[in-house]
Amino acid sequence: MIRIKAGVIGGAGYTAGELLRILINHPNVEIKFVNSSSNAGNPVTDVHSGLIGETNLVFTPEFPFGDVDVLFLCSAHGDSKKFMDTNAVPASIKIVDLSTDYRAKSPTHDFVYGLPELNRDEIRTATRIANPGCFATAIQLALFPLAAAGLLTDEVHVNAITGSTGAGVKPSDTSHFSWRNNNISIYKPFGHQHLEEIGQSLRQLQAGFNKAVNFIPVRGNFARGIYATVYTKCSLNLEEAKRLYLDFYKDAAFTFVVDKNPDMKQVVNTNKGIVYLEKHGDKLLIVSMIDNLLKGASGQAVQNMNLMFGLDEKTGLGLKSIGF
């Protein structure tokens with residue numbers, strides 16, 4: 001059996017906590033260290049209390065690279081690049097970065113954009129992966145079949161609502177319970193940072209795509225999940241569109257096209273993406289939903305690790321939705 005020795009950098013946040021939960025129960029993984037300078041010497045369960053009884057790991061300020069085969073970078077955006085620039089990470093160690101730092105293609109780095117529904121073959125042979133953003137994952141899953149068929153011919157309109165965990169573990173004015181509960185608001189309309197990677201991927205499938213993706217992100221009054229409604233003009237009828245989507249995702253391990261209007265609890269606590277279609281006049285409506293912490297972050301990171309090490313990409317990710 002393949003044994004993968006893993007290290008986690010920036011181990012105190014939400015994505016790190018979910019990553020540890022998955023890795024602890026992954027049949028092929030041994031966690032060798034969890035790094036956190038602010039929590040050094042403290043038990044991991046002091047921060048991630050949901051892991052009580054499951055691990056005796058202690059946070060370390062060190063980077064024992066010699067002990068691991070793969071590194072997960074769970075630090076804040078901007079810190080992954082700083083980490084890579086200031087540490088001599090051995091070339092033999094595979095890296096999965098969960099920040100925005102390497103998602104944009106550039107001659108200055110060799111990170112592969114880690115969305116398996118787009119780049120599965122490249123991920124299998126990669127040594128460094130830029131894990132996609134959460135909003136970006138949900139929106140791209142809604143649009144990939146159209147782009148692959150060259151059918152994105154008009155502007156795309158997106159309204160997507162996300163849970164408060166998407167804002168990270170550090171409290172802020174807009175993630176404080178008393179503000180977020182029974183409340184709703186938009187932020188970064190038409191200018192969200194995930195638009196860059198979305199455009200990059202759509203042009204990879206449909207060269208020359210230059211239409212606007214009009215994205216309104218919404219802060220939801222719940223903890224986790226992303227529910228995106230996407231629409232654009234489309235010449236296909238509903239049955240043709242369904243066949244297109246089913247064919248595109250026929251080999252996808254975690255993305256499913258459904259016939260019944262879904263709800264977000266079907267994906268929360270899973271690595272699934274669920275896609276649903278309706279046709280209204282000349283417009284195709286696509287509903288796309290994921291768990292922002294799993295398919296939108298840590299679950300997808302483990303899916304990428306599985307592919308990089310030649311495992312079945314579903315390994316360790318047989319997670320059940322909360323359902324109710």
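The figures here come from the full heavy-atom set of this structure, side chains too, leaving out hydrogens, waters and symmetry mates.
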Can you sort out the partners of F144 under ring pair (Phe, Tyr, Trp, His ring centres under 6.0 Å), two or more places apart, ordered by chain and number?
none
Under 3.5 Å, is there a donor-acceptor pair between the side chain of Y249 and the main chain of E117?
no
Between M305 and V302, is a side-chain contact (heavy atoms from CB on, under 4.5 Å) present by the stated rule, with each step listed?
CA-CA 5 Å; M305 179 202 73; V302 173; 4.2 Å; yes
Under 6.0 Å from the six-membered ring centre of F309 and within 45° of its axis: does the NZ or CZ of K94 meet both?
yes
Given the rule that I, L, V, M, F, W and Y join up when any side-chain heavy atoms are under 4.5 Å apart, are L317 and I4 in one cluster?
yes
Quick one: CG on D79 to OG1 on T86, what's the gap to the nearest 0.5 Å?
9.5 Å
Decide, yes or no, whether a salt bridge links R243 with D247 under the criterion of side-chain N to carboxylate O below 4.0 Å.
no
ILVMFWY network linking L141 to F209, side-chain heavy atoms under 4.5 angstrom
yes
Judged by atom type as modelled, is there a donor-acceptor pair below 3.5 Å linking the side chain of D291 to the main-chain atoms of N269?
yes
Would you say the side chains of Y113 and E197 form a donor-acceptor pair under 3.5 Å?
yes
Ignoring hydrogens and geometry beyond distance, is a side-chain donor-acceptor pair present between H194 and E196 at under 3.5 Å?
no
Who passes side chain to side chain contact (heavy atoms under 4.5 Å, CB included) against N214, sequence neighbours left out?
E155, H157, F190, A212
Check: E240 side chain, L236 main-chain N or O, donor-acceptor pair, under 3.5 Å:
no
So that I can tick it off, tell me whether E239 and K279 are bridged by a salt bridge, with the cut-off set at under 4.0 angstrom between side-chain N and carboxylate O.
no
Tell me whether the centres of the aromatic rings in F135 and F215 are closer together than 6.0 Å.
yes
Measuring from atom CG of D67 to atom CD of E62, what distance do you get when rounded to the nearest 0.5 angstrom?
11.5 Å
Verify whether one side chain among K314 and Q303 offers a donor that lies under 3.5 Å from an acceptor in the other.
no
Measuring from L205:CG to L152:CG, what's the distance to the nearest 0.5 Å?
9.0 Å
Shortest non-hydrogen contact from F63 to N35?
CE2-ND2, 3.2 Å
Keeping the roles fixed (side chain from S288, backbone from A138), state whether a donor-acceptor pair exists under 3.5 Å.
yes
